[in-house]
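No experiment lies behind these values; they were computed from the predicted model shown. Each chain gets a letter, A, B and so on, in the order the sequences are listed, and its residues count up from 1.
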Amino acid sequence: MRTGQQIIASGRYQTLNPWLEVEKIREDFPIFKEKIYGKPLVYLDNAATTQKPQSVIDATIHFYSRDNSNIHRGVHLLSQRATEAYEHARVKVQRFLNAAESREIIFVRSVTEAINLVAQTYGRKHVEAGDEVLISAMEHHSNIVPWQMLCEEKGAALRVIPINDDGELLLEEYEKLLNSQTRLVAVVHLSNALGTINPVKEIIEMAHQWKVPVLVDGAQAAAHLEVDVQDLDCDFYAFSGHKLYGPTGVGILYGKADLLDSLPPYQGGGDMIRSVTFEKTIYNVLPYKFEAGTPNVAGGIGLGVAIDYVNEIGLSNIAAYENELLSYATEQLCGIPRLRFIGTAHQKASVLSFVIEGVHAHDVGTILDQEGIAVRTGHHCAQPVMARFQVPATARASVAFYNTRDEIDVLVKAIHKVIEVFK
Amino acid sequence: MSYLDDLYQEIILDHSKKPRNFKELSDANHKADGYNPLCGDKVSVYLKLEDGFVEDISFMGSGCAISTASASLMTQTLKGKSLGEIETLFKNFHNLVTGKSSASTELGKLAVFHGVSQFPVRVKCATLVWHTLQAAIKSKPETVSTE
């Protein structure tokens, strides 16, 4: 495993110092006016959820105050306005992912639901006894359990691509695991527990040589990396609104149109049908076939506005700034005695997971909280990752573009306090 | 004293670093495993009960400072106690860490956990071992959970 010093020495992080008016950006987020135990909020739990800019909050309020009605149904004006706003958000998502068509964008509740949708439709149709589904050793529970459930039901096998001590996928092992029984590969783009950026383009290319489709879990990636689903050539891509500065309760599943068209529906109900008699139901076209029931209309619209906000700053600027900040944080933290990073991949974004020798992560979290610092402590819904690194839990700081070097300094000072308490 | 100093008192830090009765009990006649799925804390309680009295008690496991110290101090306190006394102690302890009442005299050293009441998310850390003890007394065969 590489040490913090080695990470820095390798020159992986470049000081780009992009022009980003962070102080001005922070004014867009009302939550930063909050005091935590009388101290300024230092929000470093962005991998769990991100804060919302005023424009997103306003969009939600606007919808419920001015446009609220159900979509795809009424001929009345409000229903038309709501439908138009919601469908406009779908187009924004399409452009954000550079999908070829807007009907390839399915609104769901979360990445969890997106993955379950694929497991229940693609999985039920194509996975049979003796087949294999391939995931990686750094997956979130949401990209493990749906496949376990499917494999158990079908008598299929779940295979796991191993990782090295830095938390990087072993591509040569992956290559060996691909075979004629493989029906699907499901991998995370950016690991929530380790911060590793996986070479998904290469992973997809290798799977396609076996004609195996790939689902990419982009829950973390969408807010930190530029995603182009056509360039990646991925078959499914999932991300969630609330990790992209949008509302909770809305997520996106992208799927290639031909593939989605060939699949059975997910849930039955309203909106996903074209006609219903008691004898037979004809299903609706994409994307509505997969969108049964009244969706989270305000959430979808809010996500569209969040995408506008991110586009205004520019994801490449965001990525460059965050990379520089992560580099600074890594440098500052690696000097702290007894602190060890979990996740030292060459390609990383946003996430710094660490343990302090002799101190449990929850005690770290409690002491940081008293300083106004929000970090995540625990297993990060990735218990197999914790088992791989033989730690019960880690503390995880995850940065976004509204974080500053000053906040990292507050974090470092607080960690020194932890060490002082547990000397 | 700040809330933090109140929580991490010297005696708690000491017991978390050097837990007492931290071993398996070969002649235990009751045992239960506890698990907090939220944070991954694990504890096993070994109990030797004779005629309704605790002849010996020990624990194993891994967890945060609060849960380890709580287990350590609990085992120290309970040696020689009757099942009836244990029930009262747990009630008093629970009331203490949830801020419902201040420490009663019979709690003894356990009174040091009063600081937990200022940290509602940490209450489960302090009570996991007690819930596990209850399961051990009843000798439930399955793993208990604080959830």
Side-chain angles (χ1 to χ4, degrees), chain A residues 35-39 45 48 140-142 144-145 193 338 342 353 355-396 410 413-423, chain B residues 1-19 22 33-44 59-72 97 99 112-129 143 145-147:
Chain A
K35 291 278 182 283
I36 307 295
Y37 312 114
K39 292 169 184 165
D45 196 15
H140 187 279
H141 295 164
S142 62
I144 301 173
V145 183
R338 290 159 58 190
I342 303 293
S353 240
V355 291
I356 298 170
E357 192 199 318
V359 192
H360 191 278
H362 275 91
D363 296 310
V364 177
T366 291
I367 295 172
L368 297 191
D369 175 52
Q370 290 292 302
E371 300 298 316
I373 304 166
V375 296
R376 170 84 192 264
T377 56
H379 52 60
H380 317 294
C381 295
Q383 287 178 358
V385 176
M386 300 298 112
R388 168 68 177 76
F389 288 93
Q390 295 177 318
V391 291
T394 76
R396 179 189 69 190
V410 173
K413 212 172 144 194
I415 293 173
H416 278 294
K417 190 167 178 179
V418 172
I419 289 169
E420 179 59 29
V421 171
F422 287 90
K423 53 176 178 284
Chain B
M1 208 190 261
S2 74
Y3 287 151
L4 210 55
D5 296 332
D6 244 7
L7 180 67
Y8 294 114
Q9 295 197 37
E10 207 46 60
I11 180 166
I12 290 180
L13 292 173
D14 176 56
H15 277 261
S16 77
K17 279 179 220 157
K18 290 175 290 185
F22 188 71
D33 301 317
Y35 178 53
N36 182 347
L38 218 64
C39 60
D41 282 1
K42 280 179 194 162
V43 68
S44 301
F59 80 104
M60 289 290 283
S62 66
C64 63
I66 304 301
S67 74
T68 306
S70 178
S72 174
V97 294
V112 73
F113 287 97
H114 71 90
V116 175
S117 65
Q118 293 298 333
F119 297 83
V121 294
R122 303 304 297 274
V123 169
K124 283 177 180 175
C125 309
T127 56
L128 175 64
V129 72
T143 295
S145 150
T146 54
E147 291 304 296

Colleague: Is B/Lys42 in contact with chain A via its backbone, its side chain, both, or neither, using a 4.5 Å heavy-atom distance?
Modeller: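 Neither part.
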Colleague: Check each atom of A/Lys423 against the heavy atoms of chain B and say whether the ones under 4.5 Å are side chain, backbone, both or neither.
Modeller: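 When you check distances to chain B, only backbone atoms of A/Lys423 fall under 4.5 Å.
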Colleague: Is any residue of residues 368-387 of chain A within less than 4.5 Å of chain B by heavy atoms, and which ones?
Modeller: A/Gln370, A/His379, A/Gln383
Colleague: Looking at A/Lys413, I'd like to know if its NZ atom is crowded, meaning that more than 12 non-hydrogen atoms belonging to other residues, nucleotides or ligands lie closer than 6.0 Å.
Modeller: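 Open: at most 12 neighbouring heavy atoms sit under 6.0 Å from NZ of A/Lys413.
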Colleague: Flag yes if more than 12 heavy atoms outside A/Lys39 fall under 6.0 Å of its NZ atom; otherwise flag no.
Modeller: yes
Colleague: Roughly how far apart are B/Leu7 CG and A/Asp363 CG, rounded to 0.5 Å?
Modeller: 7.5 Å
Colleague: Is there side-chain contact between A/His360 and B/Asp41, with heavy atoms separated by less than 4.5 Å?
Modeller: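 Yes - at least one pair of side-chain heavy atoms lies under 4.5 Å apart.
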Colleague: Show the nearest heavy-atom pair for residues B/Arg122 and A/His362, with the distance to one decimal.
Modeller: NH1-O, 3.1 Å
